[in-house]
Number of protein chains: 2
Amino acid sequence: MIRIMPNPPTSRDVARLAGVSQATVSYALTGRGTISAATRARVLQVAESVGYRPNLAARSMRTRRTGRLAVVSGPTLDHQLRVLAGAGEVATAAGYAVETRTVDGDVEERTARVRELAAAGQHEGVLTLVPVLADVLTDLGAAVADRAGESVVVAEATFDEHMRSAGDLADAGPVAVFVETLLAAGHRRFLHVAGPDQYVSARARRDAYLAAIDRAAADPATADVVSLGVVGGTWSPEDARLAVQALPDDAPPLAVVAANDLLAAGVLRGAAERGWSAPGDVVVTGWDAAAMGAYLTPSLTTVDVDFTEAGRRAMRRLVAAVRGEPAPRQDAAVQRIVWRESTGPLTVA
Amino acid sequence: MIRIMPNPPTSRDVARLAGVSQATVSYALTGRGTISAATRARVLQVAESVGYRPNLAARSMRTRRTGRLAVVSGPTLDHQLRVLAGAGEVATAAGYAVETRTVDGDVEERTARVRELAAAGQHEGVLTLVPVLADVLTDLGAAVADRAGESVVVAEATFDEHMRSAGDLADAGPVAVFVETLLAAGHRRFLHVAGPDQYVSARARRDAYLAAIDRAAADPATADVVSLGVVGGTWSPEDARLAVQALPDDAPPLAVVAANDLLAAGVLRGAAERGWSAPGDVVVTGWDAAAMGAYLTPSLTTVDVDFTEAGRRAMRRLVAAVRGEPAPRQDAAVQRIVWRESTGPLTVA
DNA sequence: CTGAAAGCGCTTACAG
DNA sequence: CTGAAAGCGCTTACAG
């Protein structure tokens, strides 16, 4: 295949046209050297007029920086597209190209793939949206020298459970609100349908559920609370449905805290199959504000998560890490409870 | 920030270690020159042992090929993550790095973004998953010379409505099956809730609906068919709900073909709000096999789409176009109807 | 079958 | 404040 085309202009072409040296063009564009305002203006004007675009490969070779970041996502959780969008926005604004890799399989396989990616050295940093084993993650506290040749690897959800803040995607704060509000509405019988243990968010929601139940039991006003336990452990709504099928006949009235909307839909379906009304016999909460949830009957109470913003934040952390800067603090909540019909009539603070 | 680290090995290092020239290393790795099997084996062994990885920036500068492709997605349609996964798989296997860009806004803005991306020359090809104006798309029939400096741009859904085949994501064949099967079950009153006109798939489904109704009207056995029209025109379930709200009281019994599952959920919700039973008074079909659809009551009849495979195919087309090869034919269906409760009891062929 | 040499387009000390 | 020159790590005619 022969491509007959004028080669795109180089910095050398711009230099000749502007009557300066190639070095001056570089200084004008990068803003690095010392250069007079007049010269710079002229160079930029010429560059603009000929449609000059720096050859990134050449720049990369010279600077020994690839200017590329990778984001690793899974193929299964659809909302990751929005996280990706937010991450891409920040990366592009920071001057990086962002590449997406999809990984599949269990946590060992995913971790292996991320490790290869980091070792390949094609990327200055890697952001993983899927759970991986903690040892591939870069120890940001360690000296930069210790990271010889490897990409910086940052996870969207950090595994340090003590660092959880309200600005974090894995913040399970809404669980306590769900339980407390339902307690106040008179509910005493609870069940949690959990997500996969590998997911920080799923673990956090489960732990928050258990803690909320413990607190309720310790409170004289709600000491008669009873938890029918924690079931599930996947993101599959079928497991949620089956869990409801497996409940004793006298389970209702029951309040179910599901780890996401899909599981909550499985709960509603299971309840309907048993002839239990919702929100009469069973109330249920979800998570993620899936678009369809608002159109179920009953519509699903859920947690609206700003996935795009979460993606931006995760990417800001990665960019900071790659540049050796301290991690930005960002504590404004990305999550907001949306009360709908599936929790029945309530008095919400 | 000072990075104290041994530089990663270069082809020169490998050459020295293997006792050959740098050219020989290159020939061994790319398999391009004439080189003895013994020498090649030795070079590859040395390269492997020192963990040599070619510097892609250097290679790119020399070959004048970036080795990068871009995929443009929107932030709103979640299933695009699966298309992305399939596209990425094929691109990676073909030796390309694939970058994701998210674009927002109306069709003009999206088209402008794709145009910039193509003009920037950082990518050998661009695959767009979102609808754009046809004139940014590369005319693959035209001589390569006409594409001077620009990336090849290919759309996941082609705008040439005549080229639609069963292997295409926009193939609307299932619509005819829906209408015909419901006619056979005795339904005579139909409604279509359409998606946005910009989307090839939405247009194809609407056209297929109208054609199926026309065919039914022309058939003496079903000449009493009546279409209550085409409503909607967005992907928002709220519009579907409102469309049902706006229907006359005597609309049922009614068969609704919705352009996707979310719209179908809106229809179900609207029907429930009017006290219409489903699938008694209203039957409805969706599209996309959204996970939650199987857990609605009634569960949603839909079209299961292999988005990952659709992504693979679209990327194969792009890779072929970038390499100047003819487009691969791929006609095996990626879509399959899943009959569920929302269409009521049926005799399905 | 193998090597010496040029050059892809940048950036950056360094000299002036 | 500006320019001449080197060099990043590859690939590829070309010579042997």
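Convention: sequence-line order gives letters A, B, ...; per-chain numbering from 1.
The side chain of M61(B) approaches dG9(C) more closely than any other nucleotide in the set dG9(C), dC10(C), dA4(D).
Distance R12(A) CZ to dC8(C) P: 7 Å, rounded to the nearest Å. Here dT2(C) presents its P atom at 16 Å from CD of Q22(B), a figure rounded to the nearest Å. Across the protein-nucleic acid pair, R53(B) atom CZ and dC10(D) atom P stand 13 Å apart, rounded to whole Å.
Taking only side-chain nitrogens and oxygens, T10(B) never comes nearer than 4.0 Å to OP1 or OP2 of dG9(D). At least one side-chain nitrogen or oxygen of R59(B) sits closer than 4.0 Å to the OP1 or OP2 atom of dT11(D). Proximity of S26(B) to the phosphate of dC10(D): no side-chain N or O atom is located under 4.0 Å from OP1 or OP2. A close approach under 4.0 Å does occur between a side-chain nitrogen or oxygen of T39(B) and OP1 or OP2 of dT2(C). Between R64(B) and dC8(C) there is no side-chain N or O to OP1 or OP2 distance below 4.0 Å. Look at S11(A) and you won't find any side-chain N or O under 4.0 angstrom from OP1 or OP2 of dG9(C). Taking only side-chain nitrogens and oxygens, Y52(B) comes nearer than 4.0 Å to OP1 or OP2 of dC10(D). Look at S36(B) and you'll find a side-chain N or O under 4.0 angstrom from OP1 or OP2 of dT2(C).
Here T30(B) lies in heavy-atom contact (under 4.0 Å) with sugar-phosphate atoms only. Using a 4.0 Å heavy-atom cutoff across all strands shown, V25(B) reaches no nucleic acid atom at all.
In this entry dG3(D) has dC14(C) as its Watson-Crick or G-U wobble partner, both defining distances falling under 3.5 Å.
Using a 4.5 Å heavy-atom threshold, the side chains of V90(A) and L318(A) count as separate. Under the 4.5 Å side-chain criterion, counting only non-hydrogen atoms from C-beta, V153(A) is in contact with V114(A).
Under a cut-off of 6.0 angstrom, the local environment of CD in E48(B) is sparse, with at most 12 non-hydrogen atoms contributed by other residues, nucleotides or ligands.
Looking only at distances, no side-chain donor or acceptor of E124(A) sits under 3.5 Å from a matching main-chain atom of L69(A). Formation of a donor-acceptor pair under 3.5 Å by the R12(B) side chain with backbone atoms of Q22(B) is not found in this model.
Across the interface with DNA chain C, nearest-nucleotide mapping of A58(B) and I35(B) shows I35(B) to be the residue nearer the 5′ end.
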